[in-house]
Amino acid sequence: MTVSFAYLAGSAAFADQIFVALKHWLVGYIPAAAQPIVSALLSVIPLMVVFPALFALTTVCERKGLGRIQNRYGPNRTGPFGLFQPIADGIKSLTKEDIVPRAADKVVHFVAPIVLVVAAFVAYAVLPVGRNMVAANLDAGLLYFFAAGSIAELSVFMAGWSSRNKYSLLGAMRAIAQMISYEVPLILASVTPIMAAGSLSTVAIVDAQASYSRIWPHWFVFTPWGFAGFLLFMIAATAESNRSPFDLPEGESELVAGYFTEYSGFKFALFFLAEYLGMFAVSGMGITLFLGGWAAPLSFLTWIPSWVWFFTKLAGLIVVFIWIRGTVPRLRMDQLMNFAWKFMLPMTLINLLNAAVWRFMPLGMVRWMVCAILIFVPYLIFSRALLQGQHFEKRTYTFAE
Amino acid sequence: MLGEGIVTGMFETARNFFGSFVNKERLTTIQYPEERLPQIEAARNFPILIYDGEDPEAGLRCVACQICEKECPPKCILIEKSRDKKPDFVGKPQFYPAVFDIDVSVCMSCQICVEVCPFEAIKMDTEFELSTDNRFEGLLWHKDQLAKPNQYYQGIHPTEAAKVDQGLGEEKIKAEAKARAAAGAKANAPAPPAVRAGSEAAAKL
């Protein structure tokens, strides 16, 4: 009995570390001089394969999911259940003509989508997708993540400015205004796990959450400040990745794609790829900071490989993103800005205080009560203030009913 | 409270999402080439020529009066009258179209040809899958393509066809009664030619 149990535990550990072991095994065949560079490549290439593949899968799932939400089938023609739709889309965008405006700054116009994609990929370096599965365990990993993420703003402005089109420029201005406004609450919301874990390293933050009291995990989302922080982080992440309801920069139904109006063909597809990669990266960071990263949700489920848990959580967040997109209508520009500066920013600042109170109060129910009140009362006050002067009444339709 | 509306909205969309898998009524999409709705009776597309009986040549109702050709607003009909005559549905010798062409790339489906036809010969079809790889010859329809049996017409527009059949039947009865009366009046006169009147017979009439 004990033998078989040990064997099971051993095979679970093997499955958990299968990719790490594979990499070490492959690197073993390389001459010692080339080992560092090959090791780095073997860490990077899987990221560059898995996440674009996830992008392809997400586009088809999103279109089918949105279809079902609107009582439609969604794409179901290309291959079984429309699963080959991304391939068709890829061929389409590759074969389309690449139009560059005559007045455009050709170099910057060409570089902008590449910068955006590179910035999106670079952020994955510090994302722990499993136990010991991180491309670079930086001491200031979180700082690096947000620094890399902010290159996206630069690229958006490059795209808008180099097109020499007033609508592109206006779209870029709007996009940058939004991204900078929401970057503040995004970073402030992610400061709370740093306070709790005492480290900027993403690996250390996950390790701080990967323990259990009896069967229950120590994820930061299961604390008042963590719960609020997670919600604030995900709202800011939605705005940061230009997803509905914060998709004003694109706003395909009212603007002509905003800052990438003058892009066509594969460059246009690159913008989409970068947008989704950014969404996955920031969701992955949300998982790392609040949802325990690769840690299993219950202590007896640790036999399932850690990378499975990471990608399950990521899939869950993607579903929520799609669900939100199918539910919430787009905000107006003033609503967007009001929400960022009058609600998100004060809430994240109060949440910082809340996390500090949680840190220094003695364990027990009192701490829970105090911290819950400390975040819920400001929420009530700020949401009341945000909705002040807005009258919602049931609209009666004269002709439509 | 902020967020309440979002939560109720999320429940609503979730209900729609799962409902579309279990409730056929929610999912109203007809997946066209495989599934199709029954064609509605009032549908109309391009004109066809109706013939009675089995033979599209002999039974064609059109008498080449060329009213439709003259009335057609975009001028998409081309008719060439025959030199000889053939008997119509009551047995009366009539001209028939030697050539009857409709250019459906020009036709605007206005149905004016149908309105003006005194012989119930031209009617609107409901067929809509008409794509062709030749935009010149493929869209110029000739008499043999246009001729459709009366049963087909009864199938696509049952109400309208019943009315037309009734009218034609009454006309036929009237014509027969007239013929019988005429036959009674001049019993010793030679009987009019019954089938395929020649040009001499036509000249005599």
Side-chain angles (χ1 to χ4, degrees), chain A residues 61-77 81-82 227-228 230-232 234-235 238 244-246 319-331 335 338-340 342-344 346-347 375-388 390 392-394, chain B residues 1-46 104-105 108-111 125-139 141 155-156:
Chain A
C61 288
E62 174 155 31
R63 290 170 66 184
K64 285 186 89 71
L66 286 179
R68 286 291 172 169
I69 283 172
Q70 296 157 8
N71 292 328
R72 297 184 283 110
Y73 282 104
N76 63 354
R77 295 278 140 178
F81 305 104
F227 182 71
F230 177 64
L231 290 183
L232 291 166
M234 286 321 288
I235 292 170
T238 316
S244 175
F246 304 104
V319 166
V320 173
F321 268 120
I322 295 171
W323 190 4
I324 291 274
R325 184 177 169 188
T327 306
V328 190
R330 190 176 300 139
L331 290 178
Q335 293 171 331
N338 279 347
F339 190 63
K342 292 186 183 167
F343 181 82
M344 295 291 286
M347 283 301 287
I375 197 67
F376 190 68
V377 171
Y379 166 69
L380 279 183
I381 293 168
F382 286 117
S383 61
R384 196 65 62 80
L386 199 65
L387 299 174
Q388 209 167 36
Q390 298 193 22
F392 297 107
E393 37 193 66
K394 192 166 164 47
Chain B
M1 210 161 78
L2 189 74
E4 241 177 308
I6 295 175
V7 173
T8 41
M10 300 270 286
F11 273 109
E12 184 60 34
T13 44
R15 220 158 55 82
N16 276 281
F17 181 87
F18 292 111
S20 71
F21 284 101
V22 290
N23 189 349
K24 261 286 161 208
E25 263 172 51
R26 278 184 183 279
L27 209 56
T28 50
T29 311
I30 303 292
Q31 301 199 63
Y32 159 62
E34 292 94 42
E35 306 166 14
R36 41 185 79 210
L37 287 172
Q39 188 67 269
I40 55 167
E41 219 187 310
R44 72 168 194 232
N45 203 356
F46 292 116
V104 289
S105 66
M108 63 185 199
S109 308
C110 65
Q111 209 180 352
D125 201 352
T126 55
E127 180 61 46
F128 56 90
E129 289 155 316
L130 305 169
S131 56
T132 168
D133 53 7
N134 185 343
R135 70 191 166 105
F136 301 107
E137 268 78 60
L139 293 173
W141 292 352
I156 56 172

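Computed from a predicted model, the values in this text were never measured in an experiment.
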Review point. According to the interplanar angle, ranging from 0 to 90°, do the rings of B:Trp141 and B:Phe46 count as parallel (below 30°), tilted (30 to 60°) or perpendicular (above 60°)?
Key: perpendicular

Review point. Among residues 63-73 of chain A, which residues come closer than 4.5 Å to chain B, judged by heavy atom distances?
Key: A:Gly65, A:Arg68, A:Ile69, A:Asn71, A:Arg72, A:Tyr73

Exercise for review: Among the options A:Thr327, A:Asn76, A:Val328, pick out the one with the most heavy-atom pairs lying under 4.5 Å from chain B.
Suggested key: A:Thr327

Review point. Roughly how far, to the nearest 0.5 Å, is the CG atom of B:Asn134 from the CG atom of B:Leu139?
Key: 7.5 Å

Review point. Once you round to the nearest 0.5 Å, how far does OG of B:Ser20 lie from CD of B:Glu25?
Key: 13.5 Å

Check your understanding: Tell me, side chain or backbone of B:Glu34 under 4.5 Å from chain A's heavy atoms, or both, or neither?
Key -> side chain

Review point. Under a 4.5 Å heavy-atom cutoff, which of B:Met10, B:Arg15, B:Arg26 has the most pairs with chain A?
Key: B:Met10

Exercise for review: Tell me yes or no: between the side chains of B:Gln31 and A:Arg77, is some donor less than 3.5 Å from an acceptor?
Suggested key: yes

**Study point:** Non-neighbouring partners of B:Phe17 that pass ring pair (Phe, Tyr, Trp, His ring centres under 6.0 Å), sequence neighbours left out
**Key:** B:Phe21

Exercise for review: Please work out which of the three classes, parallel, tilted or perpendicular, describes the rings of A:Phe376 and A:Tyr379, given edges at 30° and 60°.
Suggested key: tilted

**Study point:** Atom pair CG (B:Asn45) and CD1 (B:Ile156), whose distance is rounded to the nearest 0.5 Å
**Key:** 10.0 Å

